Amino acid sequence: MSQVRVRFAPSPTGALHIGGVRTALFNYLFARKNNGINILRIEDTDQTRFVPGAENYIIESLKWLGITFDEGVHIGGEYGPYRQSDRKPMYRQYVEQLVASGHAYYAFDTPEELEEMRQRLKDSGMSPQYDATSRMSMKNSLTLSADEVKLKLDAGVPYVIRIKLPRKEEVRFNDLIRGWVSFNTAQLDDKVLMKNDGMPTYHMANIVDDHFMKITHVIRGEEWLSSAPLHVMLYKYLGWEDTMPQFAHLPLILKPEGNGKLSKRDGDRLGFPVFPLEWKDPNTGEISSGYRETGYEPEAVINFLALLGWHPSDNQELFSIEELINAFSLERISKNGAKFDIDKAKWFNHQYLMKRTDEDIAKELLPIFNNKGISTDLSYLTKVVSLTKEKVTFWKEIADIAEYFFKTPTQFDTKVVEKKWKGSIPENLLKFVTRLQNISDFNAQQIESIFHSFAEENEINAGSLMQPLRLAVSGQAGGPPLFEMLELLGKDNVINRIKWACDNLSASSQS
RNA sequence: GGCCCGUUCGUCUAGGGGUUAGGACAUCAGAUUUUCAUUCUGGCAACACGAGUUCGAUUCUCGUACGGGCUACCA
């Protein structure tokens, strides 16, 4: 069997959608699993939709996620170029070959004439399409004489080239995910193969490119299923039927609630990113959030996406990329669309966050603290991370919840103050301070045992004093284990903070 | 509207002619951490509907309903 070659072929019309990321991932997994070649091809046949920066965005996104390629627009390869606009001169001869063999024809209809035709057909209850029936009443090389056609061509009248589909013919192909799928050309229309600007449409370009790039498997979204029979016909008419790639149409990623496929609008409306990286639309200036900037781990995004539509034979949930490659197969991709569930993505993220080393996270956090005007060193920050990371979903959140490790709190959780800061509490804490002063080795164990003996001696309920203590030191009601936190803060800090709190917080009514 | 694809807990899904229909997220309860979050244990929770085939259908077939995709000189 020939070498597996697959391609991910996005169009640079904006940010890369999360559904596109999953398509890229499945292509990548399939290629790696089969020792194949993964190719990145840019499908920019529509010049009017070109968005500057989009191509680079796509490349950066895939790089961040760890989806690698063996050939592509960014790295070259022996089947290049890998950008369709750069391949423009290659397509014409195959379109003309189709015209010559009677499988395509020139069409000179104006947009107005097309619109009129569609309206007419619609009014008479027929499918409004340019097909075997309607083409005979349009302006094309099938209805015009050869002289007339030549005249128009010579005069530079704009034209497109359309495929000539048979009136009624069954087209079937075996989809790797769905099994045999069949269509009838009676329902298909004579799609444009070459536009009047001389560029091929997606349909034409993707067949020519896949053929010459020796693509063996086309793995793409289900939105392409309907045009697959057209592609099959093109392979046939071009005489490339025996090397036609196999098709696998992936189920779509749907909105979490309501209906329809997930769109870029849903993300910010529902409060989660739909793009891998933050994206600023160069035309509108609108900014959409990204997984990277939100603080997601790329491995978590990969793991989450892999399980959206694909499932291993056992119940494993957490997969390294190697495990994913190893377990992956097209047969285990489900047929039905999957609703997007951000809660599960967050759960995955927490799992992967816990796997990272504290120091690694601290390194990433350091500049953020610096920007907040907090200067600290890596070793202290690493310890802060070890105490706080299990409380957050994203590494970035640590910067928000851990400020008190660096600054004496001056803001206190008022609810907790009201509830816990009362009666003789401040007095007792001050007394406890004198005990703390005598600790020579200020570690969690020591502090804890001194705390307990202090409570016992003074007949204080230990629990009722712990929360005020935490409050005095951190300003908050929750946090990491109290005594470990105190240890990290250090003796002087702790003592000063307790004193500050006792001086500045007024106790509520006696109890 | 037409064509194509699909339908197992709220969500992602496993399974498959005879099962207590399994797991994960979410949710709820208990434990532990004298807090919050984690973690652990347990609970709630599903085969869209109707026919047919069969001794037996959630599983196979056909319909219905519902959902999705496509229906551009967009990809």
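Values in this document were obtained by computation on a predicted structure and should not be read as measured data.
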Does A:Val160 reach a base, just sugar-phosphate, or nothing at all? Heavy atoms under 4.0 Å. base
Which of these passes salt bridge (charged side-chain N to carboxylate O under 4.0 Å, His left out) with A:Glu297: A:Lys389, A:Lys355, A:Arg356? A:Arg356
Give a yes or no on whether a donor-acceptor pair under 3.5 Å exists between the nucleobase atoms of B:rC25, that is its base, and the side chain of A:Asp343. no
Residues A:Phe454, A:Leu465; criterion side chain to side chain contact (heavy atoms under 4.5 Å, CB included); working and verdict: CA-CA 11 Å; A:Phe454 170 79; A:Leu465 197 56; 3.9 Å; yes
Strictly under 3.5 Å: I want the nitrogen or oxygen pairs between protein and nucleotides 60-63 of chain B, one per line.
none

Identity of whatever pairs with B:rA57 - Watson-Crick or G-U, under 3.5 angstrom: none
Taking atom C1' in both B:rG23 and B:rG18, compute the distance separating them and give it to the nearest angstrom. 23 Å
Picking from A:Arg87, A:Arg83, A:Lys88, what satisfies side-chain contact (heavy atoms from CB on, under 4.5 Å) with A:Ser85? A:Arg83
Taking the six-membered ring where the residue is Trp, are the ring centres of A:Trp310 and A:Phe26 under 6.0 Å apart? no
Rounded to whole Å, CE of A:Met117 lies from C1' of B:rC73 at a distance of 12 Å
Base, sugar-phosphate, or nothing: which does A:His17 touch, judged by heavy atoms less than 4.0 Å apart? nothing
At 4.0 Å (heavy atoms only), tell me whether A:Thr13 reaches a base, stays on the sugar-phosphate, or touches nothing. nothing
Testing A:Asn27, A:Asp209, A:Asp210 one by one against A:Arg7 for a side-chain hydrogen bond (donor to acceptor under 3.5 Å, both in side chains), which residue passes? A:Asp210
Between A:Gln467 and A:Asn184, which residue's closest nucleotide on RNA chain B lies nearer the 5′ terminus? A:Asn184
Considering only side-chain heavy atoms of A:Lys191, which listed nucleotide, B:rU71, B:rU34, B:rA75, is closest? B:rU71
Has the side chain of A:Asn184 got a donor or acceptor atom that lies under 3.5 Å from a matching backbone atom of A:Gln187? no
For a quick check, with a 4.0 angstrom heavy-atom cut-off, what is the B/S/- contact string for nucleotides 43-49 of chain B, read 5' to 3'? -------
Could you check which residues of residues 218-229 of chain A get a heavy atom under 4.0 Å from RNA chain B? Sort them by number, please. A:Glu222, A:Glu223, A:Trp224, A:Leu225, A:Ser226
Would you indicate what A:Lys261 reaches in the nucleic acid, counting non-hydrogen atoms under 4.0 angstrom: base, sugar-phosphate, or nothing? sugar-phosphate
Give A:Asp190 one of three labels, base, sugar-phosphate or nothing, depending on what nucleic acid heavy atoms sit under 4.0 Å from its own. nothing
Under a 4.0 Å threshold between the charged nitrogen and the carboxylate oxygen, would A:Asp46 count as salt-bridged to A:Arg49? yes
Sort out the partner of B:rC70 for me: Watson-Crick or G-U wobble, both distances under 3.5 Å, none otherwise. B:rG2
For the backbone of A:His311 and the side chain of A:Arg332, can you confirm whether one donor and one acceptor N or O come within less than 3.5 Å of each other? yes
Rounded P spacing from B:rA37 to B:rU27 in Å: 11 Å
Checking side-chain polar atoms at under 3.5 Å, does A:Glu169 have a donor or acceptor matched by the opposite partner on A:Thr185? no
Quick note, A:Phe183 side chain, CB onward, closest among B:rC74, B:rC3, B:rA72 is B:rC3
Return the nucleotide paired to B:rU19: Watson-Crick means purine N1 to pyrimidine N3 with N6-O4 or O6-N4, wobble means G-U with N1-O2 and O6-N3, both under 3.5 Å. none
Between A:Lys191 and A:Asp189 (salt bridge meaning N to carboxylate O under 4.0 Å), is one present in this structure? yes
Complementary nucleotide of B:rC25, counting Watson-Crick and G-U pairs under 3.5 Å: B:rG10
In this structure, is the centre-to-centre distance between the rings of A:Phe304 and A:Tyr296 below 6.0 Å? no
Please measure how far the P atom in B:rA24 lies from the corresponding atom in B:rU39, and state the result in whole Å. 12 Å
Contact class for A:Arg172 vs. all strands (heavy atom < 4.0 Å): base, sugar-phosphate, or nothing? nothing
Step by step, would you call A:Asn303 with A:Gln351 a side chain to side chain contact (heavy atoms under 4.5 Å, CB included)? CA-CA 11 Å; A:Asn303 199 150; A:Gln351 302 300 313; over 6 Å; no
State yes or no: are the ring centers of A:Tyr94 and A:Phe212 separated by less than 6.0 Å? yes
Below 3.5 Å, does any donor atom in the side chain of A:Arg49 face an acceptor in the base of B:rC74, or the other way round? yes
I need the A:Ile302 CD1 to A:Leu307 CG distance, nearest 0.5 Å. 12.0 Å
Pair partner, B:rU64 [Watson-Crick or wobble, under 3.5 Å]: B:rA48
Expected rows: protein N/O vs nucleotides 36-40 of chain B N/O, under 3.5 Å:
from, atom 1, to, atom 2, distance (Å)
B:rC36, O2, A:Lys391, NZ, 3.4
B:rC36, N3, A:Lys391, NZ, 2.6
B:rC36, N3, A:Gly479, O, 3.0
B:rC36, N4, A:Gly479, O, 3.4
B:rA37, O2', A:Lys391, O, 3.4
B:rA37, N1, A:Glu390, OE2, 3.1
B:rA37, N3, A:Lys391, NZ, 3.1

Distance check, C1' atoms only: B:rC49 and B:rC44, in whole angstrom units. 25 Å
5'-most by nearest nucleotide on RNA chain B - A:Phe483 or A:Lys335: A:Lys335
Can you tell me, in whole Å, how much space there is between the P of B:rG15 and that of B:rC9? 16 Å
Does any N or O in the side chain of A:Arg22 come within less than 3.5 Å of the main-chain N or O of A:Leu308, such that one atom is a donor and the other an acceptor? yes
If we call it a pair only when both distances are under 3.5 Å in a Watson-Crick or G-U wobble match, what pairs with B:rG30? B:rC40
Short heteroatom pairs, N/O only, protein and nucleotides 9-14 of chain B, under 3.5 Å:
from, atom 1, to, atom 2, distance (Å)
B:rC12, OP1, A:Lys339, N, 2.9
B:rC12, O2', A:Leu307, O, 2.9
B:rU13, OP1, A:Gly309, N, 3.0
B:rU13, OP1, A:Ser334, OG, 3.4
B:rU13, O2', A:His311, NE2, 3.0
B:rA14, O3', A:Arg332, NH2, 3.2

Under the rule for ring-ring contact (aromatic ring centres under 6.0 Å, His included), what residues qualify as partners of A:His203, not counting sequence neighbours? A:His231
